[in-house]
Each structure stands twice: as C-alpha cells, then as structure tokens.
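Reviewing the structure listed below.
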Amino acid sequence: MAKGRGSAMVTMAVLCLIAAALQCELAQATTYAVGGSGGWTFNVSGWEKGKKFKAGDVLVFNYQKGAHNVVAVNKAGYVGCSTTRRNAKVYTSGKDQIRLVKGLNSFICSLPGHCGAGMKIQISAS
C-alpha cells in the first residue's frame, strides 16, 4: 500500500513540474497592440517591422466594431487582398486577440478597399 502511495506522489510531482513549465512558456509570451495607439486602421502595414515575434505571442486588433474586421489569410490572400480560404477565420469584435503560430501569420481587413489601403500585416513568428 505504501508503495502505491509513493508512486502516486511521484506522478503528482511530475505533473506539477509539467504544468509549471507550460505556465512559464505562456508567461513569456508578449502581447502587441497592432498599430500601436492608432489601432487596426488604414496604413498599418509596416507596423510589424523591427519587432521580434515568437509563436505564442498575442496580437490585439483594436478598432471600432463594424468599421473593420480581421481575417487570417494565407500568403496568397495577403498578396491579393482576398480571403482565399473558404474557412478563413473572420474576427469582428473590435478587440480581437489572436495567438501567433510558428511561421508566417497573415491578416487583412476584408471590407472593400481596406486591405488595398494598407490594412494588412504579415508576421513571421519563430
């Protein structure tokens, strides 16, 4: 019986260490307000330059609800200002929070003329 209790304690200790490691990784994530104090608006393209993004970092898109949206697109969607994927995720809250994945992350506003006016960003996260 004592032997069973000891292995349960070891298992619990290992689980606690794993949970702590995961919390540390999440705690190191940085939150960025896209466009800075101006928010997600026209001519925001280029805001990302000079920043070092990592997978797990969070982008916050602040804008007036109904005036814009945020659409996660692939590279072709970014270049062509189009939502090329049928299942493209569209955010419309005005305070959208999106966690970056490793690799290329591309976002546009899909309202007519907005992407062409610079409402798009493309971020590479390591």
Side-chain angles (χ1 to χ4, degrees):
M1 190 112 151
K3 188 176 184 180
R5 213 176 283 157
S7 59
M9 292 294 280
V10 169
T11 301
M12 287 300 292
V14 169
L15 289 174
C16 286
L17 288 173
I18 290 171
L22 289 173
Q23 286 289 12
C24 287
E25 185 175 315
L26 289 176
Q28 293 177 358
T30 303
T31 299
Y32 295 93
V34 175
S37 61
W40 177 237
T41 189
F42 299 103
N43 298 313
V44 75
S45 184
W47 162 85
E48 67 280 10
K49 292 190 183 351
K51 296 175 177 65
K52 303 253 186 224
F53 297 97
K54 296 181 284 190
D57 285 352
V58 176
L59 299 182
V60 180
F61 293 82
N62 292 310
Y63 57 92
Q64 184 181 346
K65 186 176 180 175
H68 303 294
N69 66 18
V70 181
V71 184
V73 296
N74 60 17
K75 186 176 181 179
Y78 177 82
V79 171
C81 285
S82 63
T83 54
T84 55
R85 300 182 306 179
R86 272 192 195 162
N87 62 344
K89 177 67 178 163
V90 180
Y91 300 87
T92 59
S93 76
K95 296 182 184 306
D96 308 313
Q97 295 188 19
I98 303 172
R99 189 170 301 279
L100 295 175
V101 296
K102 187 173 184 171
L104 200 58
N105 296 260
S106 304
F107 306 97
I108 67 170
C109 178
S110 69
L111 297 181
H114 292 204
C115 180
M119 282 195 76
K120 64 181 189 175
I121 60 170
Q122 194 168 55
I123 293 172
S124 181
S126 57

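Just so you know, these numbers use all the heavy atoms, side chains as well, and skip hydrogens, waters and symmetry mates.
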Membership question, hydrophobic clusters at under 4.5 Å side-chain separation (ILVMFWY): are Leu59 and Val73 in the same one?
no
Could you tell me whether a side-chain N or O of Trp40 sits under 3.5 Å from a main-chain N or O of Val60, the two making a donor and an acceptor?
no
What's the shortest heavy-atom distance between Ser82 and Ala76, and which atoms?
OG-O, 4.4 Å
Please list, one pair per line, the donor and acceptor atoms closer than 3.5 Å that link side chains of residues 41-54 to other protein atoms, with sequence neighbours excluded.
{"residue": "Glu48", "atom": "OE1", "partner": "Gly46", "partner atom": "N", "Å": "3.2"}
{"residue": "Lys51", "atom": "NZ", "partner": "Trp47", "partner atom": "O", "Å": "2.7"}

What distance do His68 atom NE2 and Met119 atom CE have between them, rounded to the nearest 0.5 Å?
4.0 Å
Cluster question for you: counting only ILVMFWY and a side-chain heavy-atom cut-off of under 4.5 Å, with indirect links fine, are Ile121 and Tyr91 together?
yes
When every non-hydrogen atom of Ala72 is compared with those of Ala88, the smallest separation belongs to O-CB, 3.8 Å
Can you find a heavy atom in the side chain of Asp96 that is under 4.5 Å from one in the side chain of Tyr63?
yes
Single-linkage hydrophobic cluster Leu111~Phe61, side-chain heavy atoms < 4.5 angstrom
no
Can you list the steps and then say if Cys115 with Cys81 is a disulfide (SG to SG under 2.5 Å)?
CA-CA 6 Å; Cys115 180; Cys81 285; 2.1 Å; yes
Correct closest heavy-atom pair for Ala125 and Asn105 would be CB-ND2, 3.9 Å
Are the side chain of Asn62 and the backbone of Ala33 linked by a donor-acceptor contact shorter than 3.5 Å?
no
Measure across Arg99 and Val58 and return the closest heavy-atom pair with its distance rounded to 0.1 Å.
NH1-CG2, 3.7 Å
Residue pair Ile108 / Tyr78: nearest heavy atoms and the distance that separates them
CG2-CA, 4.2 Å
Report yes or no: do Val70 and Leu100 belong to one cluster of Ile/Leu/Val/Met/Phe/Trp/Tyr joined by side chain heavy-atom distances under 4.5 Å?
yes
State, yes or no, whether a side-chain contact exists between Lys65 and Lys95 at a heavy-atom distance under 4.5 Å.
no
What pair of heavy atoms forms the shortest contact from Val101 to Ala55, and how long is it?
C-CB, 4.0 Å
Enter the distance from Leu104:CG to Ser124:OG here, rounded to the nearest 0.5 Å.
6.0 Å
